[in-house]
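One structure is given here, and the rest of the page talks about it.
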Amino acid sequence: YPTWKRTLTRRAREAQMKRFCKAQAIQRRLEEIEVTFRELEQQGIKLEKLLRDEDGTPGDQKTQWMNQLLYLVQKKNSLMSEESDLMITVQELKLEEQQWQLDQKLRWYMNREESLKTPEDRVAEQEILVQLLEVVNKRNVLIHIQEEKRLSEL
């Protein structure tokens, strides 16, 4: 292999490893969010029971419980938003990996001598190009969704 091919191969492996590590970190965070959801749900159930069952408690105590319940709802909404962002990132990583694989296939066809290409090779090359454009468009849609979400949160 010439130096440039080794460099490209090394960079591709590094990018793939980076995507893999990012996917693992996202998976861990999603699991943490799930555990936190369950904890918040249990706390919310306890507070709701307290609010419904305690008729003789002072108004200050009820207000405090209500504030705690609202805080739990706010925290849960925040976690749901984060989970949504992470799911979009997972989809983006999948599309990025798919784009990389299609790009490698396309390079293989494009690097072949034009006189050696069969009609099937040309058709396959065109199909890969169409698939690559579809993946790029899907990634663009995800980016657009993220941008809209970010603007709506502001």
Side-chain angles (χ1 to χ4, degrees), residues 4-111 123-154:
W4 65 273
K5 281 189 178 182
R6 283 194 308 263
T7 302
L8 284 177
T9 304
R10 181 177 44 79
R11 285 185 183 163
R13 277 195 316 264
E14 288 171 357
Q16 193 172 21
M17 198 62 180
K18 194 174 184 180
R19 285 191 298 272
F20 178 73
C21 290
K22 191 172 182 179
Q24 280 185 323
I26 289 171
Q27 185 62 38
R28 277 192 304 272
R29 182 62 187 142
L30 287 171
E31 289 169 0
E32 290 171 2
I33 288 173
E34 187 63 34
V35 168
T36 307
F37 271 151
R38 280 189 242 122
E39 291 171 358
L40 291 175
E41 193 69 33
Q42 292 301 317
Q43 291 174 7
I45 290 170
K46 287 178 186 175
L47 285 171
E48 281 184 39
K49 284 181 181 179
L50 287 172
L51 283 168
R52 290 181 186 178
D53 293 341
E54 298 297 321
D55 290 330
T57 55
D60 291 343
Q61 185 66 41
K62 285 184 180 181
T63 304
Q64 185 180 4
W65 289 339
M66 187 62 82
N67 286 338
Q68 287 176 347
L69 189 61
L70 290 174
Y71 172 76
L72 292 177
V73 169
Q74 182 182 22
K75 192 167 183 172
K76 187 174 179 181
N77 287 340
S78 172
L79 287 172
M80 287 176 69
S81 176
E82 182 182 356
E83 183 181 40
S84 172
D85 289 342
L86 290 172
M87 296 306 288
I88 290 172
T89 305
V90 166
Q91 288 297 317
E92 195 173 346
L93 285 172
K94 286 180 183 177
L95 289 173
E96 193 176 319
E97 179 68 24
Q98 192 176 359
Q99 181 178 348
W100 178 80
Q101 290 172 354
L102 289 169
D103 190 47
Q104 294 303 309
K105 288 179 185 177
L106 187 61
R107 285 178 193 267
W108 184 82
Y109 281 111
M110 293 179 91
N111 285 335
V123 168
E125 185 177 342
Q126 285 300 314
E127 288 175 359
I128 291 171
L129 187 58
V130 167
Q131 290 174 352
L132 189 58
L133 288 173
E134 288 174 4
V135 169
V136 168
N137 286 334
K138 287 178 184 178
R139 287 184 70 191
N140 187 38
V141 167
L142 285 178
I143 290 169
H144 184 68
I145 289 170
Q146 283 178 320
E147 185 63 22
E148 282 182 355
K149 186 175 182 205
R150 186 186 67 79
L151 290 174
S152 70
E153 288 175 354
L154 292 176

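Counting begins at 1 with the first residue of the sequence. Just so we're clear, the structure is a prediction, and the values are computed from it rather than from any experiment.
- Applying the 6.0 Å contact sphere to CZ of Arg10 captures more than 12 heavy atoms from other residues, nucleotides or ligands.
- Between the NZ atom of Lys5 and the OG1 atom of Thr7 there is a distance of 12.5 Å, given to the nearest 0.5 Å.
- Here side chain to side chain donor-acceptor pair (under 3.5 Å) pairs that include residues 64-73, with residues two or more places apart or in two chains, number zero.
- Residue pairs meeting the side chain to side chain donor-acceptor pair (under 3.5 Å) criterion with at least one member in residues 83-94, sequence neighbours excluded, are Ser84-Lys149, Asp85-Lys149.
- For Gln24, the side chain to side chain contact (heavy atoms under 4.5 Å, CB included) test picks out Phe20, Arg28, with sequence neighbours left out.
- Nearest heavy atom pair, residue Leu102 against residue Ile128, reads O-CG2, 3.5 Å.
- More than 12 heavy atoms of other residues, nucleotides or ligands lie within 6.0 Å of CZ in Arg29, so this atom counts as buried by the packing criterion.
- To the nearest 0.5 Å, atoms CG (Leu93) and CD1 (Ile88) are separated by 12.5 Å.
- Ile26 contributes atom CD1, which lies 11.5 Å from atom SG of Cys21 (distance to the nearest 0.5 angstrom).
- Counting heavy atoms of neighbouring residues, nucleotides and ligands inside a 6.0 Å radius, atom CG of Asn77 exceeds 12 of them.
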N/O donor-acceptor pairs under 3.5 Å from side chains in residues 135-148, not counting sequence neighbours:
from: Asn137; atom 1: ND2; to: Leu133; atom 2: O; distance (Å): 3.3
from: Arg139; atom 1: NH1; to: Gln99; atom 2: OE1; distance (Å): 2.5
from: His144; atom 1: NE2; to: Glu148; atom 2: OE2; distance (Å): 2.7
from: Glu147; atom 1: OE2; to: Arg150; atom 2: NH2; distance (Å): 2.6

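- By the 4.0 Å N-to-carboxylate-O rule, Lys18 lies too far from Glu14 to be salt-bridged with it.
- With sequence neighbours excluded, the residues forming a side chain to side chain contact (heavy atoms under 4.5 Å, CB included) with Gln126 are Leu129, listed by chain and number.
- Residue Leu40 holds its CG atom at 6.0 Å from NZ of Lys75, rounded to the nearest 0.5 Å.
- Minimum interatomic distance between Lys62 and Leu51 (heavy atoms only, all atoms of both residues): O-CD2, 3.7 Å.
- Here the straight-line distance linking atom CD of Glu134 with atom CD of Gln98 works out to 9.0 Å at 0.5 Å rounding.
- When each of Lys105, Gln101, Arg107 is paired with Asp103, the side chain to side chain donor-acceptor pair (under 3.5 Å) condition holds for Arg107 and for no other.
- Distance check: Gln27 CD to Glu32 CD gives 11.0 Å after rounding to the nearest 0.5 Å.
- Sequence neighbours left out, not one pair with a member in residues 65-74 passes salt bridge (Lys or Arg N to Asp or Glu O under 4.0 Å).
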